[in-house]
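Have a look at the structure below, then the notes.
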Amino acid sequence: MAEDAVFWTVDALDELAFDPVMAEAVLRPALGRVRLPHGEGEAWLAGKYADVTKVTSDARFSRALLLQQDVTRLAANPIPLEDAVGFADPPEHTRLRRAASRAFMPRKIEERRPYAEQLAGRLIDGMLERGAPGDLMADYYDQFALHGMSELMGIPEPDRAQFAAWTKQIITAKQDPAVSERAKHELGSYLDGLAEQRLAEPRDDLLTHLLEGEKAGELTRQQLVAFAELMQISGVNSVRLNSGQIGYVLLSRPELWQRLLDEPELLPQAVEELLRWVPHRNATGQARIAVEDAELGGALIREGQAVHSSYLAANRDPEVFERPEEIDFDRAPNPHLAFGHGPHYCVGATFARMETQVMLRTLLLRLPDLALAVPPEEVQWRVGELIRGPRALPVNW
Ligand code: FLV
C-alpha cells in the first residue's frame with residue numbers, strides 16, 4: 001500500500017462529464033486509494049465491474065461496521081439514521097428488508113402505474129396552462145418524484161413540501177452537519193407519528209406494509225422509521241435528479257429524442273441504457289469495511305480497512321460493455337449497476353424504473369416538440385453535491 005491516495009474532490013466536473021477518478025478506477029490493474037472530503041483516513045476504491053460486484057455481495061465486507069468508524073466519505077454527515085437498513089448486514093438485513101420487498105413486488109408496482117400516468121399528465125397540463133418557457137426540473141421532475149414517492153409512502157399532501165425541505169438538508173455534501181442531523185431526526189419523528197396513525201387506520205401504502213413487518217417481528221419501530229426515511233428521501237432525490245439528467249441528455253442530443261418518437265417501443269431499453277450511462281452522482285456513497293483480511297482485485301484488504309465501490313465506474317467497464325462511452329439504445333444484454341448490486345441492491349428499483357418510464361413516455365406523448373430554451377452549455381448544474389443534475393432545465397414546446 002505504498003501508493004499515495006488520490007484526494008477525490010468533486011467540484012470541477014462539467015455537466016455530464018465522466019469523473020476522471022472513476023475512469024482511472026475502471027482501467028487500473030489493481031484497486032487504488034482515495035481520500036474524500038469528510039471523515040478520517042483513506043479507503044480502497046473498486047471500479048472494475050468484477051471487483052464492484054464482488055465487494056458488494058461478499059459477506060467479508062460489512063456495512064454494520066461503518067457505525068464504528070468515521071470512514072472517509074463525501075457526505076458531511078452520515079445520511080441514514082443508525083438503525084437504517086443501509087447499515088445492516090445479512091442475516092439481520094434480510095429480515096429488515098422483507099416487508100419492503102413485498103411492497104415493491106413488480107405486480108404491486110404495476111398497479112400504481114395509472115396513478116403515475118395521471119400525475120405526469122396533470123403536471124404537463126399545468127405547464128401548458130402557464131405557457132412556455134417552463135422549467136422541466138421545478139415544474140415536472142421535482143414534482144413528479146416528490147408526489148409519486150409520497151403517495152406510495154402515504155405522506156399527506158400538505159406535508160410534502162416540508163419533506164422536500166428536509167431532504168435537501170439531509171442529502172448534501174455541503175450542509176452544516178448540525179442542520180442535517182436535526183432534519184434527520186425531525187423527519188424521523190414525523191414518520192413515527194404517521195406510523196402510529198396507520199397502525200390505528202391501515203391504508204394501502206408503504207408505511208402500512210412496513211407496519212405489518214413490525215407486527216411480524218421483522219423490524220422494530222426505530223428500524224421501520226429509519227428505513228422509511230431512507231426510502232422516502234432517496235426515492236425522491238435520486239429519481240428527480242437522475243431523470244433530470246436523462247431529460248438533458250435527450251434534449252441536448254435531439255437524434256436520441258427523435259429515435260424515441262419514431263420507435264416508442266424502444267423506451268424501456270432506452271431507459272436502461274440511460275440509467276447505465278448517466279453520471280448519477282459524485283464520488284461514491286456508503287463504503288464497506290473488511291471483517292477479515294481479503295484479497296480483492298489485486299490488492300490485499302486488511303481487516304478493518306474501508307472499501308468504496310463505484311457503480312458508475314463499473315457501468316463503463318469495457319470488459320462488460322462494448323464502447324461504454326456510447327449511448328446505444330440497442331445494447332443487449334445490459335447488466336448495468338445503476339441500482340447497485342448484492343443485498344443492498346435498491347429495494348425500490350421496480351418503482352424507480354416504472355416512474356422513470358412514465359415520466360419519459362408522458363413527455364414524448366404530450367410534448368413531442370420539447371426543446372431546450374437555452375443553448376445546452378448554458379444549463380446550470382449542481383456543483384459539489386452528492387447527486388449530480390441540472391439546477392434548472394428551461395424548455396419550450
Ligand atoms: O449520496 C449518498 C447517499 C444518497 C442517498 O440517497 C442515501 C444515502 O444514505 C447516501 C449516503 O449514505 C451517502 C451518499 O454519498
Side-chain angles (χ1 to χ4, degrees), residues 8-11 13 19 21-22 34-39 43 45 52 56 62-67 69-89 93 96-97 100 142 145-146 149 153 163-164 166-175 177 180-181 183-185 187-188 191 223 225-245 275 278-289 306-313 337-340 343-349 351-352 355 382-389:
W8 205 354
T9 51
V10 293
D11 291 341
L13 292 174
D19 185 330
V21 176
M22 294 177 187
V34 288
R35 189 164 61 79
L36 288 145
H38 298 284
L45 174 64
V52 169
T56 51
S62 161
R63 276 291 188 68
L65 289 178
L66 279 180
L67 292 172
Q69 286 188 37
D70 190 24
V71 170
T72 190
R73 63 175 184 271
L74 181 55
N77 62 302
I79 289 164
L81 290 161
E82 291 207 352
D83 290 301
V85 68
F87 291 128
D89 292 328
H93 170 269
L96 288 181
R97 258 178 78 125
D142 290 357
L146 177 63
M149 184 69 219
M153 184 62 74
F163 264 85
W166 277 326
T167 301
K168 280 207 175 92
Q169 291 177 342
I170 298 170
I171 307 188
T172 171
K174 303 194 221 196
Q175 189 80 56
S180 302
E181 286 299 308
K184 231 161 92 171
H185 287 278
L187 198 161
L191 284 176
Q223 289 171 328
V225 163
F227 195 174
E229 171 158 349
L230 194 54
M231 286 192 280
Q232 176 70 25
I233 66 178
S234 307
V236 173
N237 200 55
S238 296
V239 167
R240 77 185 176 93
L241 292 168
N242 191 281
S243 276
Q245 291 198 53
L275 287 170
V278 155
H280 178 66
R281 61 164 308 138
N282 280 313
T284 44
Q286 301 279 43
R288 286 169 177 76
I289 308 286
V307 188
H308 275 276
S309 36
S310 172
Y311 294 124
L312 267 72
L337 304 179
F339 293 114
H344 292 275
Y345 180 87
C346 176
V347 74
F351 185 63
E355 287 195 303
R382 289 154 60 85
V383 173
E385 278 293 355
L386 302 183
I387 310 299
R388 294 169 64 174

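Because the structure is a prediction, the values reported are computed rather than measured. Note that ligands are numbered from 1 as they come in the structure, with each ligand's atoms numbered from 1 the same way. For this chain, numbers begin at 1 and follow the sequence in order.
Shown in contact with Q286 at under 4.0 Å from a heavy atom are these atoms of ligand 1, numbered in order with element: 12 (O). Counting the atoms of ligand 1 from 1 in the order shown, those under 4.0 Å from a heavy atom of G285 are 13 (C), 14 (C), 15 (O). Per-residue contacts place L386 under 4.0 angstrom from the following atoms of ligand 1 (heavy atoms of the residue considered): 1 (O), 2 (C), 14 (C), 15 (O).
For atom 4 (C) of ligand 1, the choice among T284, N282, L36, I171 with the nearest heavy atom turns out to be I171.
In this structure the side chain of L386 reaches within 4.5 angstrom of the side chain of I79, judged on heavy atoms. Counting heavy atoms from C-beta on, the side chains of M231 and V85 never come closer than 4.5 Å. Side-chain contact between P78 and E181 is present, with at least one heavy-atom pair separated by less than 4.5 Å.
Given atom 5 (C) of ligand 1, the protein heavy atom at minimum distance is S234 OG, 3.5 Å. Of the protein's non-hydrogen atoms, I79 CD1, 3.5 Å is the one closest to atom 3 (C) of ligand 1. Scanning all protein heavy atoms for the shortest distance to atom 1 (O) of ligand 1 gives R281 NH1, 2.9 Å.
L74 CG to T284 OG1: the interatomic distance, rounded to the nearest 0.5 Å, is 7.5 Å.
Distance alone, capped at 3.5 Å, places no donor-acceptor pair between the R240 side chain and the S243 backbone. No side-chain donor-acceptor contact under 3.5 Å links T172 to the backbone of K168.
Put simply, part of P80 is less than 4.0 Å from ligand 1, judged by heavy atoms.
Here the closest non-hydrogen pair linking G389 and L241 is CA-CD2, 4.2 Å.
Contacts between L230 and ligand 1 below 4.0 angstrom, taking non-hydrogen atoms only, involve the side chain exclusively. With a 4.0 Å heavy-atom cut-off, ligand 1 is reached by no atom of L74.
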